[in-house]
Amino acid sequence: MTDKALTLYDWQAADVAKMTASISPEVGALVVSAPGAGKTLVTVETLKNLKPEVTLILAPPSTHRSAWARTLRRQGVADDVKPLDGTAKGKRNWEDLKWGKPGYYITSAQWFTRQEWKIITVDAMVVDEIHMLGKYGNAGQKKLVGSRARPGMTAPIRIALSGTPFRNNFENAWTVARWVEPSAISTEYWIWRATECLGKYDHFAPQNIKVIGEKVPGKLASSLTCYIAHYQRTKCCDFHPNGFLAGLAEPIRIERDLKMTPDQAKFYSSMEKTYLGFLTTPDESGKLPVIAEFPITARGMLRFCALGLPSYNPETETLYFEEDCPSPKLDQLIEDIGNLDGKRVLVFTHSKQFADVAAKRLVKAGFSAIAWTGDLTRTRRNKALDSFISGELDVIVGVISAMGTGTDGLQEAAYNVIWLSVDDDASNNVQGIGRLDRLGQTHQVTMIELRMEKTFDVGHLDKQVQAQIALNKSLVRT
């Protein structure tokens, strides 16, 4: 990877100037630009101007080397980052941070959540993909924002980044705003939820109200002092009357509706008819079958079965995929990769187990492939990314939740993406396509979605897209 410093676009330079002038102990910056707009770059350049001595960065592990360390180094800000983790080196860095030794420290949201931060003081704090800590009441959210009983983790210089800052629900906006600029939002979550959020009745939701949006879309965004937003193909500022990717055509979307094998169809139909979810009754005297709609567990099982014909392990009482399992999706995947222009292809699925099977089948078919799952070590991830960019690796089969967020550099190597299945978390799918459809991409991206007829596959992504469009209204300042 090159270490040559990047030159800022005019609009990125304007963002850096605004952030540098606006950030104070009372006001942080929220950068909600779409994937690929250079959020890491403008953040690093802002830190370069503000010159903090001790900086803490929370970011997905996949970005520690490919995005943060690389950008800090090539922009001349720091030679390296100091990882905080369970390794011997990470533990030494943790001790250095406790003593306030200058440097750029980096860790994951998961590691951050597990540590005690009372005695830690930093000059600057960056939370990349802040939506991962947004859900009210979660351990990570409490560590970040704090509560009446204990303060959260803050710093005089605060920068939050996310192309999907509210994730899939506007109520997550409270955490984001409360950390970035506390005076811009109510100190009481439940009061804010009742007065500022649009809701509908839901018997199982907190206070029987499910939040479906913001009452006045864009009101919160407009109240933040330092709010940076750039969109791919929608007007967002004077620099971008048609978005920052207006010169790159929208991805070509191809939907392939496939038929199950007879055995797979029979099994799926049986599961669809008999797999019921159960809820314990309030007095715990019995259980109620949920028949109004499929619960997440049942929907997940059916989507699992749509990938291929699973086998049953009687010892563990679980379903799993054999390496040679019948799967029209894998057959079509191999055919499509062979026919696509551009040898390197990014493949996504929501299933870790199926990602492993798909990678093995692709290797048997003559392609060099690797499964990118949560089990892949940082060293192997870095090696896979380098091999993909250099052309030594043909295909990465990524679990969307493990790879969709923050993995940069893929746009230098590929412009074809195939979905074996989408994630239930819509923000992960947005981040997934953003790995290729971003600045630095020189080809129109081709996106192929493989769907099984008469299953949850059909229309699943469309529903998510429409829900995301509705949520994005709150990202546009009024």
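Heavy atoms only: backbone and side chains are in, while hydrogens, waters and symmetry mates are out. Here the structure is a predicted model, which is why all the values come from computation and not from measurement.
- In this structure a side-chain-to-backbone donor-acceptor pair under 3.5 Å is missing from N138 to G140.
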Starting from the C-alpha separation in whole Å, work towards a yes-or-no answer on side chain to side chain contact (heavy atoms under 4.5 Å, CB included) for M153 and V122. CA-CA 9 Å; M153 183 61 187; V122 297; 4.0 Å; yes
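- Checked by atom type and distance alone, the side chain of D123 never pairs as donor or acceptor with a backbone atom of T55 at under 3.5 Å.
- Using modelled atom types, one side-chain atom of S368 and one backbone atom of E392 make a donor-acceptor pair closer than 3.5 Å.
- Side-chain atoms of D386 and R65, non-hydrogen and from C-beta on, do get closer than 4.5 Å to each other.
- When the shell of 6.0 Å around OH of Y9 is examined, it contains 12 or fewer heavy atoms from other residues, nucleotides or ligands.
- Distance alone, capped at 3.5 Å, is enough to place a donor-acceptor pair between the R193 side chain and the I209 backbone.
- Side-chain N or O atoms of R381 include none that pairs as donor or acceptor with a backbone N or O of W372 at under 3.5 Å.
- Atom-to-atom distance recorded for S33:OG and Q12:CD is 9.0 Å, nearest 0.5 angstrom.
- Looking at V345 and F367, their side chains never come closer than 4.5 Å, going by heavy atoms from C-beta outward.
- Counting heavy atoms from C-beta on, the side chains of L245 and L439 come closer than 4.5 Å.
- Although no hydrogens or angles enter the test, the distance criterion places no donor-acceptor pair under 3.5 Å between the side chain of E45 and the main chain of L41.
- Taking 4.5 Å as the limit, some side-chain heavy atom of L410 sits within range of a side-chain heavy atom of I396.
- Heavy atoms from other residues, nucleotides or ligands lying under 6.0 Å from CG of D238 number 12 at most.
- Between L450 and Q332, the shortest heavy-atom contact is CD2-CG, 3.7 Å.
- Side-chain contact between V127 and V176 is absent, with no heavy atoms from C-beta onward closer than 4.5 Å.
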Do Y136 and E171 pass the side chain to side chain contact (heavy atoms under 4.5 Å, CB included) test, and can you show the C-alpha distance, the side-chain angles, and the key distance before you say yes or no? CA-CA 8 Å; Y136 182 79; E171 63 185 312; 5.9 Å; no
Hey, mind stepping through T107 and L58 against side chain to side chain contact (heavy atoms under 4.5 Å, CB included) and telling me if it holds? CA-CA 5 Å; T107 191; L58 306 186; 3.4 Å; yes
Sequence neighbours excluded and cut-off under 3.5 Å, please list the side-chain donor-acceptor pairs for residues 92-106, or say none.
unit_1 : atom_1 : unit_2 : atom_2 : d
N93    : ND2    : P83    : O      : 2.8
N93    : ND2    : K89    : O      : 3.3
Y105   : OH     : K101   : O      : 2.7

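- At least one side-chain heavy atom of R256 sits less than 4.5 Å from a side-chain heavy atom of D336.
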Take D356 and K360, measure what salt bridge (charged side-chain N to carboxylate O under 4.0 Å, His left out) needs, and give me the verdict at the end. CA-CA 6 Å; D356 288 327; K360 291 175 181 176; over 6 Å; no
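- With hydrogens and angles ignored, the 3.5 Å screen pairs a side-chain donor or acceptor of Q232 with a backbone N or O of D437.
- No donor-acceptor pair under 3.5 Å is formed between the side chain of W174 and the backbone N or O of I185.
- Of the possible donor and acceptor atoms, one in the side chain of Q441 sits under 3.5 Å from a partner among the backbone N and O of A414.
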Check against salt bridge (charged side-chain N to carboxylate O under 4.0 Å, His left out), E255 and R451: CA-CA 7 Å; E255 299 169 347; R451 316 186 307 184; 3.6 Å; yes
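- A heavy-atom distance below 4.5 Å is found between the side chains of F388 and R344.
- More than 12 heavy atoms of other shown residues, nucleotides or ligands fall within 6.0 angstrom of atom CD in E412.
- The backbone N or O of V31 lies less than 3.5 Å from no partner atom in the side chain of K39, so there is not a single donor-acceptor pair.
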